[in-house]
2 protein chains.
Amino acid sequence: MSSFNSSDFKKKISESTIHRLSRYFRALESLEKKGDETVSSKELARSEKLTPAQVRKDLSFFGSFGTRGLGYPVIELKIRISHILGLDREWRIALIGVGNIGSALVSYKEFSRQGFKIVKLFDNDQRKIGSNHKGIVVSDIKNLSTELKDAGIEMVVICVPVQDAQYLVDDVVKAGVRAILNFAPAVLKVPDGVFLRNENMSMELEYLSYALVNNHVQK
Amino acid sequence: MSSFNSSDFKKKISESTIHRLSRYFRALESLEKKGDETVSSKELARSEKLTPAQVRKDLSFFGSFGTRGLGYPVIELKIRISHILGLDREWRIALIGVGNIGSALVSYKEFSRQGFKIVKLFDNDQRKIGSNHKGIVVSDIKNLSTELKDAGIEMVVICVPVQDAQYLVDDVVKAGVRAILNFAPAVLKVPDGVFLRNENMSMELEYLSYALVNNHVQK
DNA sequence: GAATGTGAAGGTTTTCACAGCA
DNA sequence: TGCTGTGAAAACCTTCACATTC
């Protein structure tokens, strides 16, 4: 990029900051349930095992939400963060690959609670096509492109074997979807402007294995 | 810690480096399958979307595995990394909470392929206790402590509702287990010397939501 | 007095760039 | 010549410390 004007300038916010916002959001939900009206950076930090300065810095990237001497208003801050993260709306999601992991995710309450609504399922297995999971009928992967468009799908979750992942991602991108969550242990290519995140459930077990073998000192 | 001698001195290796080792390991498995005998940091980097310098630096923390002018020997490097990560052995794992996610994980091939063997299941639901998942009979959570010890369990995977997670972790720690993978969206406390990792599947969807809403430029 | 918001300091991770070796 | 191994530089992220505000 050789030039920019003030409207397309945006300070790069780190991935860690965004992940911590998710955590603050959850902490605030539980404070709201408890009936707390305000919370200090110190309290928020303690509940998430962070430093107060970290909490304040993270929030300061997006505005000044607190009151000096008092702290942050729980409900308002929750609303602000939900807006920043795009959690103040519903997302229409399709899930491809209704195997072990896939069908577990269809029933995963945490997704729907946060506004992530799985509304379409796809598979290539004739025995699965037409079957019903939590009220959603599994579609044939053949009709992927048109059905993704017709259903107004904005995000796709990929739960297929590793060898099928790349060509499915290609199809999904062709259908105009710009956000993909991939559970297959594969490094996938997507064009610029498409957001891809990977969820690798073995990785954390491998970290534990490393920690035990090396008696690694936990930070 | 107020003093150390050379034998317990260990340079702190970053979490990111360990996670990248997992990725190199998988890449090497696939290179081995392809029959490649050597690989350069450049090739490894490209396949994982990293820089060659990053690959070399990561590996250099653990030794000099390559040959100048040539690259790294695929099979030997794979063996070395598997040893560093503790993947050259089997781990005996218990899974607590045989719900959606829990029962999907029991059948998750990637775990067993990597030497993570789920050998015990626990639940507190009478309808589940005694039932059979992939050849493993679900035990009553009441007998957790003795059964964990008798089975020689080294790692525990927690897939229970958020409100049950902390006291179960406490019991697991009391039973002498030092590595825990937690799928509940809770911030759990463990004493020093116990390794806890969290797997939060909503977090990456939230990141995608943030990216779409802010049209965040992907790095 | 209490707690935010934020430049500056400090620390960590990544990248650069090149000496050294096959 | 080609590619590793690695100090040094650059980039990035976290923490400090304090002026500011309620």
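Per chain, numbering begins at 1; letters A, B, ... match sequence-line order. Quick note: numbers below take in every heavy atom, side chains included, and nothing from hydrogens, waters or symmetry partners.
- Between B:Leu70 and A:Ser16, it is B:Leu70 whose nearest contact on DNA chain D lies nearer the 5' terminus.
- Side-chain N/O atoms of B:Ser202 and A:Gln114 include no donor and acceptor closer than 3.5 Å.
- B:Glu154 pairs with exactly one of B:Arg89, B:Arg92, B:Arg178 by the salt bridge (charged side-chain N to carboxylate O under 4.0 Å, His left out) rule, that one being B:Arg89.
- Salt bridge status for A:Arg26 with A:Glu110: present, with a side-chain N to carboxylate O gap under 4.0 Å.
- For B:Tyr207, the ring pair (Phe, Tyr, Trp, His ring centres under 6.0 Å) test picks out A:His19, with sequence neighbours left out.
- When the side-chain nitrogen and oxygen atoms of B:Tyr72 are compared with OP1 and OP2 of D:dG5, one or more of them lie within a distance under 4.0 Å.
- If you find the closest nucleotide of DNA chain C to A:Leu59 and to A:Gly69, the one lying nearer the 5' end belongs to A:Gly69.
- Just one residue in the list A:Arg56, A:Glu43, A:Arg80, A:Lys78 forms a side chain to side chain contact (heavy atoms under 4.5 Å, CB included) with A:Tyr72, and that residue is A:Arg56.
- Just one of B:Leu148, B:Val169, B:Ile93 meets the side chain to side chain contact (heavy atoms under 4.5 Å, CB included) condition when paired with B:Val177; it is B:Leu148.
- One atom, CZ of A:Arg56, and another, P of C:dA2, lie 15 Å apart when rounded to the nearest Å.
- Comment: A:Lys34 does not engage A:Glu29 in a salt bridge, judged by the lack of any side-chain N to carboxylate O separation of less than 4.0 angstrom.
- In this structure, A:Arg20 reaches the D:dT14 phosphate: one of its side-chain N or O atoms is under 4.0 Å from OP1 or OP2.
- Distance B:Glu15 CD to C:dT13 P: 9 Å, rounded to the nearest Å.
- At whole-Å resolution of the value, CZ in A:Phe61 and C1' in C:dG5 are 12 Å apart.
- Contacts between residues 39-52 of chain A and DNA chain C, defined by a heavy-atom separation below 4.0 Å, involve A:Ser40, A:Ser41, listed by number.
- Atom CG in B:Leu77 sits about 14 Å away from atom C1' in D:dC3, given to the nearest Å.
- At whole-Å resolution of the value, CG in B:Asp58 and P in C:dT13 are 11 Å apart.
- When the nucleotides C:dT15, D:dG5, C:dA22 are ranked by their closest atom to the side chain of B:Thr67, C:dA22 comes out on top.
- If you measure from atom NZ of B:Lys12 to atom C1' of C:dT13, you get 11 Å, rounded to the nearest angstrom.
- Of the candidate nucleotides D:dG5, D:dC18, C:dT14, C:dT14 has the atom lying nearest to any side-chain atom of B:Gln54.
- The B:Ala53 side chain lies nearest to C:dA17 when the options are C:dA17, D:dC16, C:dT14.
- Side-chain proximity of A:Arg68 to the nucleotides D:dT21, C:dA19, D:dA8 is greatest for D:dT21.
- Separating the CD1 atom of B:Ile13 from the P atom of C:dT14 is a distance of 12 Å, rounded to the nearest angstrom.
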